[in-house]
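Read through the structure below, which is laid out as structure tokens, and then see the notes.
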Amino acid sequence: MSVVLKDFIEAEGLEPGDRLPPERELAPKLGLPRTALRRMLAALEKEGSLIRHVGRGTFIAGHGVGSSALRQPAASAIDGLRTYPAEVFEARLILEPKIAALAALRATRQEIDEMQKSIDRTLIAQTFVEFEKWDAIFHRIIVQSSRNSLLASLYESIHAVRSGKLWGKMKEQSITPARIDAYTADHVAIVEAIKDRNSKDAELRMYEHIVDARTNTLGPS
């Protein structure tokens, strides 16, 4: 990232997911003409340091992954939430296959690349915590690429539960190297369907993936 912009981000305490000021405000803060600033932003977007959304602004990314996928769930998303793993899987089976179908129609090339990068990170994960982190990011990138803010808001409750201690303990107890390989293969198949713009196959692959995860975690239904 440009040293000038990096210094500004550090001084302002900005983190992945935070939005940069608009160009008309940022250019004088950095002491740059707007044409030079635009070239800098375009270069940083290309390398994956920034995410730019038309009509929404420019956001700081992290490790090339969309900022909303990297964010930890807000405390307000967890406070007062009382549910059970079986309910979580029911909700996931209702929401996520349809979200994957939408992603197959709407995901950008950059988002598809980010999905693949998250798969690559799960392949080299050395610990369960690291695997779980990138597994969660994979699913959140798909939600992000569905371009449906209401579905994204609903999914945040699911993500909040998945980030909880009970869920983590259950999944860690159920995970094996063979199951990690199977989950990764599922992710690859989902991405291939999205890449092919095959919404029906993306929906089916996601449904089967969540059914397998439910069986592995809770046992046969």
Side-chain angles (χ1 to χ4, degrees), residues 13-18 48-49 51 59-93 95-96 99-100 103 110-145 152-191 194 205-206 208-219:
L14 301 177
E15 298 178 349
D18 290 336
S49 297
I51 304 290
F59 299 81
I60 301 170
H63 306 291
V65 178
S67 55
S68 65
L70 283 166
R71 273 193 180 279
Q72 291 298 314
S76 59
I78 303 174
D79 291 345
L81 188 60
R82 295 292 181 269
T83 187
Y84 302 94
E87 291 181 340
V88 175
F89 279 113
E90 283 182 356
R92 291 188 69 188
L93 284 169
L95 287 178
E96 289 192 66
I99 287 172
Q110 181 180 1
E111 286 167 334
I112 293 172
D113 289 344
E114 290 172 355
M115 294 174 203
Q116 184 59 54
K117 287 177 185 177
S118 70
I119 293 173
D120 294 342
R121 295 300 291 267
T122 62
L123 287 171
I124 61 173
Q126 298 295 311
T127 65
F128 166 76
V129 172
E130 190 177 357
F131 167 79
E132 179 67 5
K133 170 189 171 182
W134 288 101
D135 174 74
I137 286 174
F138 172 82
H139 286 275
R140 295 185 87 193
I141 296 170
I142 292 177
V143 174
Q144 169 184 293
S145 64
S153 295
L154 293 172
Y155 183 79
E156 280 306 294
S157 294
I158 292 174
H159 180 65
V161 175
R162 290 189 70 193
S163 301
K165 292 181 180 179
L166 173 61
W167 184 274
K169 185 176 181 180
M170 289 184 64
K171 190 164 184 181
E172 185 172 12
Q173 289 174 343
S174 73
I175 208 74
T176 65
R179 286 173 178 175
I180 287 177
D181 290 344
Y183 291 151
T184 303
D186 287 349
H187 287 184
V188 169
I190 292 165
V191 172
I194 292 173
R205 296 287 187 173
M206 182 63 82
E208 292 175 340
H209 174 56
I210 297 171
V211 167
D212 287 344
R214 179 180 65 181
T215 301
N216 291 337
T217 306
L218 304 181

Closest heavy-atom pair, Ile210 versus Glu96, reported as atoms and distance to 0.1 Å, is CD1-CB, 3.5 Å
Would you call Glu156 and Arg140 a side-chain contact if the rule is heavy atoms closer than 4.5 Å? yes
Once rounded to the nearest 0.5 Å, what's the spacing between atom CD1 of Ile141 and atom CH2 of Trp134? 7.5 Å
Go through the structure and list residues passing side chain to side chain contact (heavy atoms under 4.5 Å, CB included) with Ala182, not counting sequence neighbours. none
Applying side chain to side chain contact (heavy atoms under 4.5 Å, CB included), name anything that partners Ser174, two or more places apart in sequence or on another chain. Lys171, Arg179, Thr217
List the steps and the verdict of side-chain contact (heavy atoms from CB on, under 4.5 Å) for His139 and Asp135. CA-CA 7 Å; His139 286 275; Asp135 174 74; 4.0 Å; yes
Side chains of Ile51 and Glu114: does their closest heavy-atom pair fall under 4.5 Å? yes
Hey, can you tell me if Phe128 and Phe131 have their rings parallel, tilted or perpendicular (30° and 60° cut-offs)? tilted
Decide side-chain contact (heavy atoms from CB on, under 4.5 Å) for Asp120 and Gln116; before the verdict, give the C-alpha distance in whole Å, the side-chain angles of both, and the deciding distance to 0.1 Å. CA-CA 6 Å; Asp120 294 342; Gln116 184 59 54; 3.1 Å; yes
Just how far is it from atom CD of Glu111 to atom CG of Asp113, taken to the nearest 0.5 Å? 10.0 Å
To the nearest 0.5 Å, how far apart are OG1 in Thr184 and CD1 in Ile119? 7.5 Å
Do Met115 and Ser145 have side-chain heavy atoms sitting under 4.5 Å apart? yes
In sequence, state the C-alpha distance, the side-chain angles, and the governing distance for Thr122 and Tyr183, and then conclude on side-chain contact (heavy atoms from CB on, under 4.5 Å). CA-CA 10 Å; Thr122 62; Tyr183 291 151; over 6 Å; no
Non-neighbouring partners of Asp186 that pass side chain to side chain donor-acceptor pair (under 3.5 Å), sequence neighbours left out: His209
State, to 0.1 Å, how close Ile99 and Val143 come at their nearest heavy-atom pair, and which atoms those are. CG2-CA, 3.7 Å
Considering non-hydrogen atoms only, spot the tightest contact between Ile194 and Ala100 and give its length. CG1-O, 4.2 Å
